[in-house]
Trainee: 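Before anything else, here's the structure in question.
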Amino acid sequence: MKKIAVVGTGYVGLVTGVALSEIGHHVTCIDIDEAKVARMQKGESPIYEPGLDEMMTRNIEAGRLHFTTIHQEGFVGKDVAYIAVGTPELEDGTADLRFIESVAKDIAKNITSGITVVTKSTVPVGTNDYILGLVNDQLVNDVKVEIVSNPEFLREGSAIYDAFNGDRIVIGSDSEKAATLLEEINKPFGIHIYKTDVRSAEMIKYAANAFLATKITYINEISNLCERLGANIVDVAKGIGLDDRIGKHFLRPGIGYGGSCFPKDTSALVKIAKAVDYDFNLLQAVIHTNEKQQTSLVDKAEKRFGSLEGKRVALLGLAFKPNTDDMREAPSIAVSQRLIESGASVVGYDPIAIDNARRILPGAVEYASSVEEAVKGSDIVFILTEWDEVKALDLSLIKDHTTSKTLFDGRNCFDLDTVKEANIEYHSMGRVSVERVEILV
Ligand code: UGA
């Protein structure tokens with residue numbers, strides 16, 4: 001078993017460190033945030049991720065998982081140092097490498113024996129070569145440093161599951177020795193290992209996320225056409241997904257992708273292409289189309305009601321997807337901004353993202369403490385995130401407690417027969433709208 005340092009305890013770093021300790025390695029997670037480190041030492045995860053707290057506690061108790069703010073203590077005597085710090089998007093869409101550069105310098109100053117540096121963070125093609133140069137330039141002791149690109153494919157909300165059940169582990173290195181070491185470390189996960197060179201591994205990460213963002217955007221465009229042509233997107237997606245060349249995953253239409261990865265990585269790849277004089281027109285169109293898609297429910301509601309001035313709109317689900325409290329690039333941001341601009345009042349509900357939402361959504365947004373409280377007294381209801389709790393919405397609440405008796409569902413949570421039976425007006429994604437039947441007595 002190896003001695004491993006993991007720098008950065010965000011989603012990627014913390015899950016990586018905990019998962020590596022679970023398969024038996026001795027892991028020290030390093031972060032500059034003292035309060036966060038103190039919490040993690042007690043087995044409390046700073047992020048919401050199913051299964052993470054339990055796995056952390058188990059490995060801390062087994063003596064395999066440690067947390068520290070001290071870089072020297074973290075790096076000395078380690079076989080491997082994983083870099084998993086953030087690469088936020090700068091104003092111009094490029095990735096900000098400041099945190100990576102600072103870690104590279106810390107490693108160079110503190111190591112007293114050879115080490116393999118593994119980059120988990122998503123970094124532009126060529127960055128690993130640059131990091132290796134930085135470390136070698138600043139080395140204090142005469143030791144050998146190798147570099148490996150090992151991109152992360154975890155999804156928020158199922159990160160622990162993905163760590164043990166992923167489709168592949170990509171190991172990119174120009175050193176056979178370093179690649180073999182990483183292969184050995186990862187073998188206990190029992191996941192297919194794919195070895196390639198450093199630059200190809202870096203590209204695989206961007207190419208995968210950009211492809212998935214494109215796939216979602218494509219199905220959203222087909223969904224918009226289905227609505228206008230009377231076809232049903234659910235059947236269409238199934239029908240095309242049966243073709244193995246297309247595949248059935250990632251064909252759920254909705255109100256656009258969000259989160260900390262797809263929006264950031266698609267913009268970065270456009271910039272990476274520009275830097276080598278290449279116009280990535282397709283990806284630019286994907287980014288633009290997704291922005292429009294995020295507010296498509298507002299377009300539909302405006303078309304239906306003429307004006308939304310003075311209407312009270314309930315938003316069910318605020319996080320960018322279920323099982324996370326992450327609000328980054330969530331469609332609820334653009335939706336609530338547009339609604340407020342058009343004179344509507346907004347009440348939001350989310351099972352766990354409300355604290356984060358308060359910091360990000362416009363100040364005028366009010367919050368409810370349950371689905372029922374959000375719906376009662378509103379004029380119109382929007383579904384933005386397909387939480388189980390939202391999918392369990394009692395449709396009679398829409399019929400009996402909203403003035404318009406109308407539901408706009410951005411995630412196709414209900415089948416059309418159920419909605420017809422509930423006798424509400426229903427507008428969803430890529431399917432014909434359901435009208436309400438006035439029952440005269
Ligand atoms: C994504 C990738 O799926 C991971 O493989 C990758 O590691 C990660 O980015 C990253 O780069 O760190 P994540 O952003 O956590 O993971 O979330 P996903 O579950 O992939 O969903 C992304 C967005 O696509 C969400 O807004 C979701 O609502 C949307 N989506 C997904 C759809 O609209 N339709 C679909 O069929 C699937």
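The first residue of the sequence shown is numbered 1, and numbering continues consecutively from there. Order of appearance sets the numbers: ligands from 1, and atoms from 1 within every ligand.
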Trainee: Mind jotting down which residue pairs meet the salt bridge (charged side-chain N to carboxylate O under 4.0 Å, His left out) criterion with at least one end in residues 152-166? Sequence neighbours excluded, please.
Mentor: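 Qualifying pairs: K120-E152, R155-D162, E156-R328.
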Trainee: I would like to know whether V286 and Y257 meet side-chain contact (heavy atoms from CB on, under 4.5 Å); could you show each step before the answer?
Mentor: CA-CA 10 Å; V286 166; Y257 59 79; 3.7 Å; yes
Trainee: At less than 4.0 angstrom from any atom of ligand 1, which residues have a non-hydrogen atom? List them by chain and residue number.
Mentor: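 Residues within 4.0 Å of ligand 1: E152, F153, L154, R155, E156, K205, N209, I216, F250, L251, R252, Y257, G258, C261, F262, D265, F320, K321, R411.
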Trainee: Answer yes or no: is there an ion pair linking K391 with D388, defined by an N-O contact shorter than 4.0 Å?
Mentor: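 Result for this pair is yes, salt bridge flagged.
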Trainee: When you compare the side chains of Q293 and N224, does any donor N or O come within less than 3.5 Å of an acceptor on the partner?
Mentor: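 Judged by distance alone, the side chains do pair up.
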Trainee: Provide the full list of ring pair (Phe, Tyr, Trp, His ring centres under 6.0 Å) pairs with a residue in residues 201-221, sequence neighbours left out, each pair given once.
Mentor: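 Every pair satisfying ring pair (Phe, Tyr, Trp, His ring centres under 6.0 Å) with a residue in residues 201-221: there are none.
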Trainee: Under the side-chain hydrogen bond (donor to acceptor under 3.5 Å, both in side chains) test, which residues partner T214, sequence neighbours left out?
Mentor: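 T214 satisfies side-chain hydrogen bond (donor to acceptor under 3.5 Å, both in side chains) with no residue once adjacent residues are dropped.
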